[in-house]
Amino acid sequence: MATMIANDCINCGACEPECPNNAISQGDPIFVIDPLLCTECVGFHDYEACAAVCPVDVCITDPNNIESEEALIARARALHPETNFGDSFESRFRKGQDKAAAAPASAPAQTPGTRAPASAAAAPVTAGAVSAFAEADVDYFELPPIDSWNIPMRCYKCNQVHEENVKQFMIGNVIFCPHCHKSTFVRDNLNYHIRTLLKDAYDQWDNQQTEFAEQRERERTQFLERRTKEAESFKNRQKRDLEKIRQDLDTIGDQYDAAGKPYKKGSSFSWG
Ligand code: SF4
Ligand code: SF4
């Protein structure tokens, strides 16, 4: 773990639902992060989701537990075996890099566990700089026409196997073995059994595919809503930080009283 919650946590609970690994829980007396579950959001975001929403900025790097990106993505893979993270996964270590051009192994990496230094002057960020969410379409299998199936039959007379199209299994139909020419009479229960099996299988196939597609669409919508919320939350946090910087500088300006320097009461730095 390289993220921990400091003692100044106010127990607001905002961070808990944001963690993609369910690593955060209510502890006593404050919320805690399970070091065996935290991946610093590597694999999911290029920032720590808990830190992005924390109103008092107490989700911080644990200086006594620094981990590399390799260790963190390995943990994410172990925690989410159903997810294919690929090589161009989200990671704060790669923030600002082109995800399509995954960082080669030989590329110079940021020192593990260190956060990128803030620039000296806050520069406005273009809103459209974040890449749009995109995912590959599912390549669904298509079932063949229901009457195109062939069914293997073993002749009770010569014991050889031959295939007959499903349409041949109509009640009363006579099927001849192509090897010994022995005939078989299609009984009602055989025809009924085959038709029922195919119809049930096709219905189930359609229902499962529809449910799967609808579930993915629901998850995609929720994912996009969550990212919008995260972006809004992060923006608000930056706004608060900016205001604090302004207030701190105003305080310094108000309180500055250099010896021998003319003092004008009420002076302060001004902001454009
Ligand atoms: S850094 Fe990410 S993975 Fe770790 S506790 Fe925070 S939200 Fe969870
Ligand atoms: S968001 Fe911050 S203050 Fe709120 S519970 Fe989490 S760590 Fe504590």
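Every number for a ligand or one of its atoms is a count from 1 in the order of the listing. Numbers here simply count residues along the sequence, with the first being 1.
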Original post:
Salt-bridged, Glu40 to Arg75, with N to O below 4.0 Å?
Top reply: no
**OP:** Keeping to residues at least two apart or across chains, list the side chain to side chain donor-acceptor pair (under 3.5 Å) pairs with something in residues 153-163.
**Re:** His162-Glu164
Original post:
Do side-chain atoms of Asn21 reach the backbone of Ala76 as a donor and acceptor pair under 3.5 angstrom?
Top reply: no
Original post:
Short list, please: which atoms of ligand 2 are under 4.0 Å from a heavy atom of Val58?
Top reply: 2 (Fe), 7 (S)
Original post:
Do you know which two heavy atoms are closest between Ile5 and Cys59, and how far apart they sit?
Top reply: CG1-SG, 4.2 Å
Counting only pairs under 3.5 Å, give me each side-chain donor-acceptor contact of residues 169-186, with atom names and distances, residues two or more places apart or in other chains.
from: Asn173; atom 1: ND2; to: Gln168; atom 2: O; distance (Å): 2.7
from: Asn173; atom 1: ND2; to: Gln168; atom 2: OE1; distance (Å): 3.3
from: His179; atom 1: NE2; to: Val161; atom 2: O; distance (Å): 3.4

**OP:** Would you mind checking which non-hydrogen protein atom is closest to atom 6 (Fe) of ligand 2, with the distance to 0.1 Å?
**Re:** Cys15 SG, 2.3 Å
Subject >> Protein heavy-atom partner closest to atom 8 (Fe) of ligand 2 - residue, atom, separation in Å >> reply: Cys9 SG, 2.3 Å
Original post:
Where is the tightest heavy-atom contact between Cys50 and Ile33, given as atom of each residue plus distance?
Top reply: SG-CD1, 4.4 Å
Original post:
So which heavy atom in the protein is nearest atom 5 (S) of ligand 2, and how far is it from that ligand atom?
Top reply: Gly13 N, 3.2 Å
Subject >> Verify same cluster id: Leu72, Tyr47 (apolar side-chain graph, 4.5 Å) >> reply: no
Original post:
Nearest protein heavy-atom contact for atom 2 (Fe) of ligand 2: which residue, which atom, what distance?
Top reply: Cys54 SG, 2.4 Å
Original post:
What atoms in ligand 2 come closer than 4.0 Å to a heavy atom of Pro55?
Top reply: 1 (S)
Original post:
Are there any protein N/O/S atoms under 2.8 Å from atom 4 (Fe) of ligand 1, and if so, which?
Top reply: Cys38 SG
Original post:
Of all residues at least two apart in sequence or in a different chain, which pass the side-chain hydrogen bond (donor to acceptor under 3.5 Å, both in side chains) check with Trp149?
Top reply: Tyr202
Original post:
Between the side chain of Arg237 and the main-chain N/O of Asp57, is any donor-acceptor distance below 3.5 Å?
Top reply: no
**OP:** Any atoms of ligand 2 less than 4.0 Å from a non-hydrogen atom of Val56? List them with their elements.
**Re:** 3 (S)
**OP:** Specify side chain, backbone, both or neither for Ile30, according to which of its non-hydrogen atoms lie closer than 4.0 Å to ligand 2.
**Re:** neither
Subject >> For atom 4 (Fe) of ligand 2, closest protein heavy-atom neighbour >> reply: Cys12 SG, 2.3 Å
Subject >> Heavy-atom closest pair, residues Ile30 and Ala6 >> reply: CD1-O, 3.5 Å
